[in-house]
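Along the sequence shown, residues carry numbers from 1.
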Amino acid sequence: MLSVVRVHLPSEIPIVGCEITPYVLLRLPTGVVSTDDVPEAAPADGYFMRYRIQSDRKVAICSVHPMEQATIQCLGCVKSKIPVAKSYHCSAKCFSDAWQHHRVLHERASSALNENGAEEEELFGRFGSTGSGVLSTTGSGSMSNLGQSPGLNNGPVPLYPSGTDKNSGETWYEVGRTRTYTPTADDIGHVLRFECVSVDAEKKVPVGPPTSIMTSRVIPAPTPTPRRLIQVNGDVLSHLDLDSQTSFGTFSVLSYNILADAYATSDAYSYCPTWALSWTYRRQNLMREIIGYHADIICLQEVQLNHFEDFFSPELDKHGYQALYKKRTTEVYTGAPHAIDGCATFFRRDKFSHVKKYEVEFNKAAQSLTDAIIPSTQRRVALSRLIKDNVALIAVLEAKFGNHGTDNPGKRQLLCVANTHVNVHQDLKDVKLWEVQTLLKGLEKIAVSADIPMLVCGDFNSVPGSSPHGLLAMGKVDQLHPDLAIDPLGILRPASKLTHQLPLVSAYSSFARMVGVGYDLEHQRRRMDPATNEPLFTNCTRDFTGTVDYIFYTADSLSVESLLELLDEESLRKDTALPSPEWSSDHIALLAEFRCKPRIRR
């Protein structure tokens, strides 16, 4: 017979919009224990599993204060077919205080239904022990006729079929009949109960009692505090609306290490609630944040292969983005093949078209390097130091917004975007610098073959002042830099070769270079390191706070128009560090808006 061995939930707190899939361990008729589902369409020896999700919606919850029980229901909402959860309030004062916002719901519903507004003659009811009384008002939100002893509302017809628990007499409303369920706003403040039972496929009757497990009360999804886009071109500082499209001839680029699920463990981030670390929660929160930036180009790091294929690519496709991906190589990696991470680059199809893709595998470069300069007897040791499975994804795009205002309007406007994650241990400073140099040499070859603006984005695991940062920002490394003292393989010699000719500048240094005064400018300057002209941090955990993420651009062909404001460390420390329920990565997103400079004829 098919039976349930064990059921548990992946997270103790259900969140609105985050799918719940309980872990169900089954014993098959053969005696084998399995986590695979046995649906009605494919029974096992005449048995299948039936699931049901219920809600304790016997208690109405206030729409404004979701942890408070409702005592008042707006009947105007019920008549206008507004979602019932929005009709509940915990007190007369709550309803009155919310009226200016609440009445907009009525106006929108009335407009949508093309009604004359007569429904507002009966505006709200009170929950009484004998039913819900209907009280007449003037439509102004006055609560003067309310009674003093609210009880439970018996008036509105339940949205879901109900059932009574024979043991407790409690009423539960069915909200789903699948193994997975995504809580909605109507579930806020309510407990969910998941039931599963083995069913005889022929008789269609349950075999034995159901196994059930209950959640904590559903809570709303915390939403990150909106970050403003701040204009930095010239001496002007102003705020731009992220919801609006970028101005004609400009484009925006987002770079974000999203923290792969494989690394988001409770051991590493014990200060973050386990529900906020779960991928089902984080993926929704990350997607809301990313979509909210309206970037034309998105460079993500630490994107797992399965999450790229099953989530990011299809979801961003719905928002008009084309996707490119390069997973890390697997010579060192020992985890599950589907969970390996990599770099993902997305671009808006209405702004750019894809011209060419280059993939940089640093393992291959390491093999070529050791073959060339390392004695054969030492190559195994050398490769064990150099091979880290890191990659870079380089995309050449063609802008569809044209090249207006330049000396040659008919010429194609190309753009080269590099996206990388230099995931190297801090002790291997020589390897980290070598990987950055290898990437820059590859970009130089592209620059020689085409007159093309360049962007170099990613997590370089290198703080300002380090040799990789110096190479990127200054085009060379000081030959007396202390990082160069660590070079057991001789891959950095002579130090004079550690140069490149790309005129790269860090986008966020624009905050430090701006002149003028003003509260917002000073606010951003306080979040910059005056010694390095870089943000004080882009990575903020309990054990480390510093800048390791950058957006570099070629200053001879691009200019910075605006930047996404930086976050204040104090505001993040209220949750100890990142990640948190509000921000779902241990890094912060960087975003810059650029404009192509007119080409100069030579």
Distance only, no hydrogens: is a donor on one side chain within 3.5 Å (strictly under) of an acceptor on the other, for [X] and [Y]?
X: N306; Y: Q304; value: yes
X: D341; Y: Y263; value: yes
X: S510; Y: R513; value: yes
X: E289; Y: N285; value: no
X: S506; Y: E534; value: yes

Heavy-atom count check: over 12 atoms from other residues, nucleotides or ligands less than 6.0 Å from [X] [atom1]?
X: K356; atom1: NZ; value: no
X: K364; atom1: NZ; value: no
X: K327; atom1: NZ; value: no

Atom pair [atom1]/[atom2] of [X] and [Y] - distance to nearest 0.5 Å:
X: E444; Y: Q501; atom1: CD; atom2: CD; value: 6.0 Å
X: D261; Y: H307; atom1: CG; atom2: NE2; value: 5.0 Å
X: R525; Y: L566; atom1: CZ; atom2: CG; value: 13.5 Å
X: L229; Y: L563; atom1: CG; atom2: CG; value: 7.5 Å
X: Q378; Y: T370; atom1: CD; atom2: OG1; value: 11.5 Å
X: E435; Y: N390; atom1: CD; atom2: CG; value: 4.5 Å

Check against salt bridge (Lys or Arg N to Asp or Glu O under 4.0 Å), R228 and E565: CA-CA 6 Å; R228 300 172 300 174; E565 69 175 334; 3.4 Å; yes
I'd like to know if the side chain of [X] reaches the main chain of [Y], judged simply by a donor and an acceptor atom lying under 3.5 Å from each other, with no hydrogens or angles considered.
X: R328; Y: K388; answer: yes
X: T499; Y: G475; answer: no
X: Y553; Y: P453; answer: no
X: K597; Y: A555; answer: yes
X: Y333; Y: A336; answer: yes
X: H500; Y: L471; answer: yes
X: D296; Y: S252; answer: yes
X: N363; Y: Q367; answer: no
X: R379; Y: I374; answer: yes
X: K445; Y: K441; answer: no

Parallel, tilted or perpendicular: which one describes the rings of [X] and [Y], with boundaries at 30° and 60°?
X: F552; Y: F460; answer: perpendicular
X: F346; Y: F308; answer: tilted
X: Y271; Y: Y269; answer: perpendicular

Please step through side-chain contact (heavy atoms from CB on, under 4.5 Å) for the pair L393 and K357, ending with a clear verdict. CA-CA 7 Å; L393 174 61; K357 172 185 175 184; 3.5 Å; yes
Show the numbers, then the answer: is there a side-chain contact (heavy atoms from CB on, under 4.5 Å) between S585 and Y256? CA-CA 9 Å; S585 175; Y256 197 4; 3.8 Å; yes
Hey, are the side chains of [X] and [Y] touching, using non-hydrogen atoms and a 4.5 Å cut-off?
X: L567; Y: T225; result: no
X: P581; Y: P222; result: yes
X: L369; Y: F362; result: no
X: I551; Y: F594; result: yes
X: V355; Y: L397; result: no
X: K326; Y: E361; result: yes
X: V560; Y: S509; result: no
X: L259; Y: S584; result: no

Considering all heavy atoms of both residues, which atom of [X] and which atom of [Y] are nearest to each other, and what is their separation?
X: L415; Y: I452; value: C-CD1, 3.7 Å
X: I491; Y: D487; value: N-OD1, 3.0 Å
X: K497; Y: L492; value: CE-C, 3.9 Å
X: W434; Y: A366; value: CH2-N, 3.4 Å
X: L504; Y: L440; value: CD1-CD2, 3.7 Å
X: Q479; Y: A495; value: CG-CB, 3.8 Å

Please, which pairs that meet side chain to side chain donor-acceptor pair (under 3.5 Å) have at least one residue in residues 312-325, sequence neighbours excluded?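 Output for this query lists E315-K318, D317-R349.
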Residue pairs passing the side chain to side chain donor-acceptor pair (under 3.5 Å) test where at least one lies in residues 566-578, sequence neighbours excluded: T545-R573, E569-R573, K574-E582
By the definition side chain to side chain contact (heavy atoms under 4.5 Å, CB included), identify the one residue from I588, D586, D459 that meets it with N539. D586
Taking the six-membered ring of F311, is NZ or CZ of R283 closer than 6.0 Å to its centre and within 45° of its axis?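 Yes, R283 and F311 form such a contact.
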Tell me which pairs pass salt bridge (charged side-chain N to carboxylate O under 4.0 Å, His left out) where either residue lies in residues 415-432, with sequence neighbours left out.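 Every salt bridge (charged side-chain N to carboxylate O under 4.0 Å, His left out) pair that includes a residue of residues 415-432, provided the two are not neighbours, is R385-D430.
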Check against side-chain contact (heavy atoms from CB on, under 4.5 Å), L439 and V422: CA-CA 10 Å; L439 173 61; V422 181; over 6 Å; no
Step by step, would you call I258 with F312 a side-chain contact (heavy atoms from CB on, under 4.5 Å)? CA-CA 11 Å; I258 62 168; F312 284 104; 3.5 Å; yes
